[in-house]
Amino acid sequence: MKKRYMWKKINDFSADHLKGKLKLQSELKMPGLTIGDTCPNLDVETTQGKMKIHDYVGNGWVLLFSHPGDFTPVCTTELSKMAQYIPEFEKRGVKLLGLSCDDVQSHNDWTKDIEAYAPGCKVTYPIIADPNREVIKQLNMVDPDEKDSKGQHMPSRALHIVGPDKMIKLSFLYPATTGRNMDEVVRAIDSLQLATKHKIATPANWKPGEPVVISPSVTNEQAKEMFPNGYKTVELPSKKDYLRFVNV
């Protein structure tokens with residue numbers, strides 16, 4: 001009886017937790033912004049003045065990333081790394097757009113710390129100010145658990161890669177305790193941009209310069225025309241020739 005009672009308590013807790021999550025989502029009116037959705041064309045206040053997100057994206061790519069707050073340890077290291085990687089992003093036609101739920105003055109003061117953490121780096125990208133927590137709701141960047149000292153919900157550690165068509169191409173979502181890996185962000189961009197040029201996908205642990213796989217939608221006849229230098233088909237127990245590697 002005691003064990004049954006314990007399981008009931010656990011199930012009740014799980015159900016209540018789920019209800020709480022759904023209620024929070026409803027209260028915050030969080031959209032289901034995810035891969036394939038159009039990034040909202042919001043009017044935002046930034047460290048470089050007012051702008052509309054779509055105007056900033058233009059005909060290029062944008063990394064739109066949020067942070068739990070100014071003057072916090074992990075965020076400081078991340079924005080510093082973002083600044084260090086600007087040359088790599090620029091090579092790929094990618095611009096950066098940060099977001100944190102503090103005002104512009106706080107962002108500007110914080111920038112001094114960000115640049116001091118990695119001497120030589122410069123924060124040349126704009127950071128959105130969102131002290132009223134309105135922008136994070138529209139961009140689905142609200143952390144359901146983390147709150148500030150005033151009890152307000154904080155931004156999650158989220159990152160959307162927005163393409164020239166203003167659509168979300170890829171999203172990363174990390175808890176406040178885990179900093180992002182910039183090498184993985186760059187790798188993901190390389191994969192996305194390569195896939196837009198060829199009907200391919202990148203396999204696990206792929207790095208630029210390594211073979212990619214041909215999309216299943218491409219027939220063998222089409223593959224021969226598309227890749228005249230040839231491709232390699234991996235022999236599998238199923239005898240299905242779906243795993244085809246090629247260099248592009």
I would like to know whether E88 and K91 meet salt bridge (charged side-chain N to carboxylate O under 4.0 Å, His left out); could you show each step before the answer?
CA-CA 5 Å; E88 292 300 319; K91 289 179 187 176; 3.2 Å; yes
Mind running side-chain contact (heavy atoms from CB on, under 4.5 Å) on R244 and V213 for me, showing each step along the way?
CA-CA 5 Å; R244 299 165 295 177; V213 294; over 6 Å; no
Check step by step if side-chain contact (heavy atoms from CB on, under 4.5 Å) holds for F227 and N247.
CA-CA 9 Å; F227 307 106; N247 289 295; over 6 Å; no
Verdict with supporting geometry, S100 and H107, side-chain contact (heavy atoms from CB on, under 4.5 Å)
CA-CA 8 Å; S100 182; H107 290 351; 3.5 Å; yes
For E134 and D130, what are the C-alpha separation, side-chain angles and deciding distance, and is it a side-chain contact (heavy atoms from CB on, under 4.5 Å)?
CA-CA 7 Å; E134 292 300 324; D130 187 30; 4.1 Å; yes
As a quick check of understanding, evaluate salt bridge (charged side-chain N to carboxylate O under 4.0 Å, His left out) for E184 and R187, giving each step before the final call.
CA-CA 5 Å; E184 173 57 17; R187 190 191 78 94; 2.8 Å; yes
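C121 and Q84 get closest at one heavy-atom pair: CB-CG, 3.9 Å. Closest approach of P87 and A83 over heavy atoms only: CD-O, 4.3 Å. C39 and L139 get closest at one heavy-atom pair: SG-CD2, 4.2 Å. Minimum heavy-atom separation, N41 to D55: OD1-N, 4.4 Å.
The hydrophobic cluster containing I86 also contains V123, counting ILVMFWY residues as joined when their side-chain heavy atoms lie under 4.5 angstrom apart, directly or transitively. If you chain together hydrophobic residues whose side chains sit under 4.5 Å apart, V74 and Y174 never meet in one group. Transitive grouping of hydrophobic side chains (ILVMFWY, heavy atoms separated by less than 4.5 Å) brings L194 and I214 into a common cluster. Residues L97 and V57 share a hydrophobic cluster, clusters being chains of Ile/Leu/Val/Met/Phe/Trp/Tyr side chains in contact below 4.5 Å. L64 and M182 are assigned to two separate hydrophobic clusters, defined by single-linkage of ILVMFWY side chains at heavy-atom distances under 4.5 Å.
Annotation: F172, atom CZ; neighbour count of heavy atoms from other residues, nucleotides and ligands within 6.0 Å is above 12. Under a cut-off of 6.0 angstrom, the local environment of NZ in K169 is crowded, with over 12 non-hydrogen atoms contributed by other residues, nucleotides or ligands. A 6.0 Å sphere centred on CG of N59 holds no more than 12 heavy atoms belonging to other residues, nucleotides or ligands.
Using a 4.5 Å heavy-atom threshold, the side chains of R157 and C75 count as touching. Side-chain contact check for T77 versus S80: every heavy-atom pair is 4.5 Å or farther apart. The shortest distance between side-chain heavy atoms of L173 and S156 falls below 4.5 Å. Within the 4.5 Å cutoff, no side-chain heavy atoms of V62 are placed close to those of H160. Using a 4.5 Å heavy-atom threshold, the side chains of D190 and W206 count as touching.
Once rounded to the nearest 0.5 Å, the distance linking CD of E210 with OG1 of T202 reads 10.0 Å. Between the CD1 atom in I161 and the CG atom in L170 there is a gap of 4.5 Å [rounded to 0.5 Å]. The distance from the NZ atom of K137 to the CG atom of N140 is 12.5 Å, given to the nearest 0.5 Å.
Screening T72, D70, T47, T76 against W110 for a side-chain hydrogen bond (donor to acceptor under 3.5 Å, both in side chains) leaves a single residue, T76. A side chain to side chain contact (heavy atoms under 4.5 Å, CB included) with M51 is found for one member of L42, V44, D43 and no other, namely V44.
Taking the centre of each ring, F65 and Y125 come in below the 6.0 Å mark.
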